Amino acid sequence: MPLKVVLDGPAPWGFRLTGGKDFNQPLTISRITPGSKAAVANLCAGDVVLAIEGFPATDMLHSEAQNKIKESTHQLGLTVERNESRLWTPRVVEDGKAHPYKMNLEAEQQEYKPIGTGHNRKAQPFVAAANIDDTHQVVSSAYNTPIGLYSSGNIQDAMEGQIRGLALPKPESPRTLASIEDSDVYQMLQRDQEEPQEPRQSGSFRALQDFIDSDGTRPIVTRTVKAPTNKPTTPTGNLQKLPVCDKCGNGIVGTVVKARDKYRHPGCFVCSDCDVNLKQKGYFFVEEQLYCETHARARMRPPEGHDLITTFPSA
C-alpha cells in the first residue's frame, strides 16, 4: 500500500538511497540515520520509493533521483511502498519514548523446564510386529519397517521363500541302491578293467613290426618329418618407402633435404670439397656433385675472353 512521507527541511535528510533504472533495481531506502529527519518522519529502511515530489520514480536513474531530492530545500515529499514484514529492534524506553541510539540487548526470561518433563521418562524399545495367524506373530526390531502393512498371506509366503533358500532340498534318486555293486558308475569302471585292450604303439614301431612279420617282403613305410623353420620377416611398407641419402646411402628418418631429385640428410647437405653446410647458402651441381659457390666457380672456369655469371632458376 503506498504511503506518503513528508520530511521537513532543510537537508541533510538522514537516509541513504540505492537502486535505480541503471541498476535494474527499484529505488530503495537502504539506511536511516538514528535521530535524523527521516527517522522522525517514520521513514524506514527497505521502503521502496514510488514518487519524489509527485514525480514517478519507477523509471528514474539513480543520479536523477539524487538531483530531484537536492532540488527540495524546505520540504521533501516521498511516496513509498512499505513491506508489511518489518524487523523488530529492542529499543530502550526512557520517559515513555524509545531512545534512538540505545538498544536493549538483555535476554528475556524464559520458563525453565527440566530435561525429561516433556518426554517419556524411560525410553521404550521400538518393536514392530505383524500377525501371521491367531497364534504366530513376526516381530522386527528394525526402525521404520513396513512389516505392519503386509497381509498375513504375504508374510507367510515370504518366510517360506527365505527358509527354502537356506535349506536346499536333496535331489531324489531314481532308484534305491542296496549295495555299491548296483551303482552304474561302479559297473562301468569294472567293465573297463575286465575288457582287454590293445597296447598303444607309435607309427614307427608299428611299421617296423609289420616289416618283421612279413619276413622283409613288405617295405617299411615311414613319414618324413621336417624340422620347423622360421620364415624371414619381410620388411614393412614404411621401411621400403624411406628415402635414401645420396651421400651416405642410409635411409633418412625425419627431416629430409631434397635438391633436384636427390635426397640427403640435413648433416649430409654439404659441399663436396670443403664440407661446408649449404643450408641457407645456395648450392650448385657440377657433374652430379654438390658444391658451394666458391668451389663451383673453380671447377667451371669459362674459356678465355668469357665471364662467369651465376643464374638462379625462377621459383
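For reference, positions follow the sequence shown, starting with 1. Computed from a predicted model, the values in this text were never measured in an experiment.
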Inset, instruction - Go through V6 and Q75 one step at a time and tell me if the side chain to side chain contact (heavy atoms under 4.5 Å, CB included) criterion holds. - result: CA-CA 7 Å; V6 179; Q75 195 179 49; 3.2 Å; yes
Inset, instruction - Evaluate the side chain to side chain contact (heavy atoms under 4.5 Å, CB included) criterion for residues D273 and R299: first the C-alpha distance (whole Å), next the side-chain angles of each, then the deciding distance (0.1 Å), finally the verdict. - result: CA-CA 11 Å; D273 285 347; R299 290 182 174 276; 3.3 Å; yes
Inset, instruction - Apply the test side chain to side chain contact (heavy atoms under 4.5 Å, CB included) to residues N42 and V5: give CA-CA distance (whole Å), side-chain angles for both, the deciding distance (0.1 Å), then the verdict. - result: CA-CA 8 Å; N42 197 21; V5 180; over 6 Å; no
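For the atom pair CG of N250 and SG of C245, the computed distance is 7.5 Å after rounding to the nearest 0.5 Å. Atoms CG and CG, from L27 and L61 in turn, are 9.0 Å apart once rounded to the nearest 0.5 Å. Taking CD from Q289 and OG from S272, the interatomic distance works out to 4.5 Å, rounded to the nearest 0.5 Å. Expressed to the nearest 0.5 Å, how far CZ of R31 lies from OG of S36 amounts to 8.5 Å. Taking SG of C44 as the reference point, atom CD1 of I32 lies at 7.0 Å (rounded to 0.5 Å). One finds the SG atom of C292 at 10.0 Å from the CG atom of D275 (value rounded to the nearest 0.5 Å).
Clustering of Ile, Leu, Val, Met, Phe, Trp and Tyr side chains at separations under 4.5 Å leaves V276 isolated, with no partner residue. Clustering of Ile, Leu, Val, Met, Phe, Trp and Tyr side chains at separations under 4.5 Å leaves V244 isolated, with no partner residue. Through direct or indirect side-chain contacts shorter than 4.5 Å among Ile, Leu, Val, Met, Phe, Trp and Tyr, L290 is connected to V257, F269, L278, Y283, F285.
Annotation: ring pair (Phe, Tyr, Trp, His ring centres under 6.0 Å) contacts of Y263 (sequence neighbours excluded): none. For A51, the side-chain contact (heavy atoms from CB on, under 4.5 Å) test picks out T79, with sequence neighbours left out.
When the side chains of ILVMFWY residues are joined at heavy-atom separations under 4.5 Å, either directly or via intervening members, L3 and W13 end up in a single hydrophobic cluster. Under the 4.5 Å side-chain heavy-atom criterion for Ile, Leu, Val, Met, Phe, Trp and Tyr, V270 and F284 are members of distinct hydrophobic clusters. L17 is not connected to L50 by any chain of hydrophobic side-chain contacts under 4.5 Å among Ile, Leu, Val, Met, Phe, Trp and Tyr, and they are in different clusters.
For the side-chain contact (heavy atoms from CB on, under 4.5 Å) with F15, the lone residue among L43, D47, V49, T33 that qualifies is L43.
For H295 against C271, the heavy-atom pair with the smallest separation is ND1-SG, 4.0 Å. Contact detail for G14 and A38: the closest heavy-atom pair is O-CB, 3.7 Å.
A donor-acceptor pair under 3.5 Å is absent between the side-chain atoms of H265 and the main chain of D246, judged by distance alone.
Judged as a side-chain hydrogen bond (donor to acceptor under 3.5 Å, both in side chains), the pairs with a partner in residues 51-66 (not counting sequence neighbours) are, in order, E53-S72, H62-Q66.
Within a 6.0 Å radius of NZ in K37, more than 12 heavy atoms belonging to other residues, nucleotides or ligands are found.
Counting only heavy atoms from C-beta outward, the side chains of L78 and I52 approach each other to under 4.5 Å. Within the 4.5 Å cutoff, no side-chain heavy atoms of P2 are placed close to those of E81.
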